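The block underneath contains the structure these notes are about, expressed in structure tokens.
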Amino acid sequence: MRYWCWFLLLFSLSGWSHPLIKVGGYPYAPFVIKLPDSRYEGLTLELIDQLNAVQKEVTFVFVPTSAANRYKALDLGRFSLMLFEDTKWGWDTDKFKMTTPFLGGGEVYVALNKAGRDQRFFDDPASHHLIGVTGYHYGVGQFNADPLYLQRKLNITLVKDNVSALQALLKGRGEVAILNVSYLNQYLQANPDTADQLLISQKWDQQYQHRAILHPEAPITPAQLEQWLAALQQKGELDRLWTKYGVQQHATP
């Protein structure tokens, strides 16, 4: 019995000997989704699992944050890595390290499909009552995520996440929601009967290139992370995740 206990202790210590890579994430469907019981799920968490499976040098764990606080939290080292970010979203590219882009995407305008509305309804998005998410950067808002700035420059209602933004639109609490194509694809796959209710713009609010952002003292380098992502791509795991969550390397509205 004594030897078995020592074996368990050594096994436990060997598991913790791997550097721990804390991965920050905020509600951003389908990448991070906060459930009613405060648990998290989504593409980011599944990718973390795959990164742990493809190598044994480090251990990745998820750490929740908020969209508005993620910059300060990464700078302070509360986590050392964020996935699925774009450099246009307020990142100091001289301070942080980053990978090359590994996934495309973008955001479009979505309105209720009412009589008399067509694509011309989106000619001037700023003229409508918009619905966005607190802490997000939008092309129509000049990529300034400051809520006071957005509310001063635009007629916009800010909610907590993409899920809430679409729900607010369906309840008539605004005229146009700004939604990322990945979430919209996944929602329409799960709710095909809703498609006729929505008018989706053929123009982008923005297109972005997702990459990973790393703290300058992160235990891994961008090159290491790119190597593990390439291994997952070769195994077919990335394509499986992209398909499961409705994301595309070159998204179209």
Side-chain angles (χ1 to χ4, degrees), residues 12 15-16 18-53 58-86 89-91 96 103 105 107 110 131-138 145-147 150 156-171 173-174 177-191 194 208 210 212-215 218-219 225 237 240-247:
S12 175
W16 283 105
H18 295 163
L20 197 64
I21 308 296
K22 296 180 180 180
V23 183
Y26 53 92
Y28 177 37
F31 301 94
V32 176
I33 302 166
K34 186 175 183 180
L35 301 175
D37 60 3
S38 295
R39 290 184 301 113
Y40 291 86
E41 65 179 16
L43 174 54
T44 295
L45 285 89
E46 287 209 35
L47 181 54
I48 287 173
D49 289 342
Q50 290 299 322
L51 287 169
N52 284 328
V58 299
T59 300
F60 294 90
V61 296
F62 178 75
V63 176
T65 186
S66 68
N69 293 331
R70 68 192 192 271
Y71 310 98
K72 184 176 181 180
L74 181 61
D75 191 30
L76 292 174
R78 292 174 183 165
F79 43 82
S80 56
L81 168 66
M82 294 204 73
L83 299 167
F84 304 110
E85 290 289 329
D86 189 293
W89 298 346
W91 290 103
F96 298 105
L103 181 67
E107 288 166 353
V110 183
I131 305 170
V133 179
T134 301
Y136 285 19
H137 296 74
Y138 297 111
D146 180 9
L150 291 175
I156 189 168
T157 295
L158 296 174
V159 296
K160 63 180 181 178
D161 54 31
N162 278 314
V163 177
S164 301
L166 181 54
Q167 290 174 346
L169 178 70
L170 293 172
K171 293 176 181 178
R173 295 177 180 171
I178 311 170
L179 299 173
N180 76 63
V181 171
S182 303
Y183 168 64
L184 194 56
N185 286 342
Q186 189 184 44
Y187 178 84
L188 291 176
Q189 286 178 3
N191 303 275
T194 310
Y208 41 70
H210 285 301
I213 308 289
L214 295 89
H215 189 279
L225 185 55
E237 289 300 328
R240 180 186 67 80
L241 289 177
W242 302 163
T243 299
K244 177 179 179 179
Y245 286 96
V247 301

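One-based numbering along the sequence shown. Quick note: numbers below take in every heavy atom, side chains included, and nothing from hydrogens, waters or symmetry partners. Being a predicted model, the structure only gives us computed values, none of them experimental.
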Item to complete: Verify, without hydrogens or angle tests, whether Asp75 (side chain) and Tyr71 (backbone) share a donor-acceptor contact under 3.5 angstrom.
Response: no
Item to complete: Using a 4.5 Å cut-off on heavy atoms from C-beta on, say whether the side chain of Pro219 contacts that of Ile21.
Response: yes
Discussion item. As an exercise, state the distance from CD1 of Ile213 to CG of Leu74, rounded to the nearest 0.5 Å.
Written reply: 8.0 Å
Worksheet item: Are Tyr28 and Phe84 close enough that their ring centers fall under 6.0 Å?
Response: no
Fill in: Ser182 and Asn185: side chain donor to acceptor below 3.5 Å
no
Item to complete: Go through the steps for Leu103 and Val247 under the test side-chain contact (heavy atoms from CB on, under 4.5 Å), then give the verdict.
Response: CA-CA 8 Å; Leu103 181 67; Val247 301; 4.1 Å; yes
Item to complete: Could you check if a side-chain atom of Leu45 sits within less than 4.5 angstrom of a side-chain atom of Leu43, using non-hydrogen atoms only?
Response: no
Practice prompt. Would you check if the distance from the ring center of Phe31 to the ring center of His210 is below 6.0 Å?
Written response: yes
Item to complete: For Asn162 and Ile178, work out which heavy atoms get closest and say how close.
Response: OD1-O, 4.1 Å
Worksheet item: Which pair of heavy atoms, one from Arg173 and one from Thr157, lies closest together, and at what distance?
Response: O-OG1, 4.2 Å
Fill in: Check: Tyr26 main-chain N/O paired with Tyr40 side-chain donor or acceptor under 3.5 Å
no
Fill in: Trace of the side-chain contact (heavy atoms from CB on, under 4.5 Å) decision for Leu225 with Leu51
CA-CA 9 Å; Leu225 185 55; Leu51 287 169; 4.1 Å; yes
Discussion item. I want to check something: taking the side chain as every heavy atom from C-beta on, are Lys22 and Met82 in contact at a cut-off of under 4.5 Å?
Written reply: no
Worksheet item: When rounded to the nearest 0.5 angstrom, what distance separates CG in Asp161 from CD1 in Ile33?
Response: 9.0 Å
Worksheet item: Any side-chain heavy atom of Glu46 sitting closer than 4.5 Å to one from Tyr245?
Response: yes
Worksheet item: Which atom pair, heavy atoms only, marks the closest approach of Ala29 to Asn180?
Response: O-ND2, 2.9 Å
Practice prompt. Would you mind telling me which of Pro147, Ser66, Ser164 makes a side chain to side chain contact (heavy atoms under 4.5 Å, CB included) with Thr134?
Written response: Pro147
Item to complete: Could you tell me which non-hydrogen atom of Leu179 sits nearest to which non-hydrogen atom of Val110, and how far apart they are?
Response: CD1-CG2, 3.9 Å
Worksheet item: Would you say the side chain of Gln189 lies within less than 4.5 Å of the side chain of Lys244, judging by non-hydrogen atoms?
Response: no
Worksheet, complete the sentence: Per side chain to side chain contact (heavy atoms under 4.5 Å, CB included), Phe60 is matched among Leu20, Asp49, Leu81, Leu47 by Leu81
Item to complete: Quick one: closest heavy-atom pair of Arg70 and Trp91, and the distance?
Response: NE-CZ2, 3.8 Å
Worksheet item: Taking the six-membered ring for Trp, are Tyr136 and Trp89 ring centroids under 6.0 Å apart?
Response: no
Worksheet item: Would you call Glu41 and Lys34 a salt bridge, using N to O less than 4.0 angstrom?
Response: no
Worksheet entry | Residue from Val61, Val63, Val23 passing side chain to side chain contact (heavy atoms under 4.5 Å, CB included) with Phe79 | Val63
Discussion item. Looking only at the side chains, is there a donor atom on one of Tyr208 and Glu85 sitting less than 3.5 Å from an acceptor on the other?
Written reply: no
Practice prompt. Please name the pair of heavy atoms, one in Ala73 and one in Thr65, separated by the smallest distance, quoted to 0.1 Å.
Written response: CB-OG1, 4.2 Å
Worksheet entry | Residue pair Tyr183, Leu166: steps toward the side-chain contact (heavy atoms from CB on, under 4.5 Å) verdict | CA-CA 10 Å; Tyr183 168 64; Leu166 181 54; 3.8 Å; yes
Worksheet item: Could you state the interatomic distance from CG (Leu169) to CD1 (Ile131), rounded to the nearest 0.5 Å?
Response: 5.0 Å
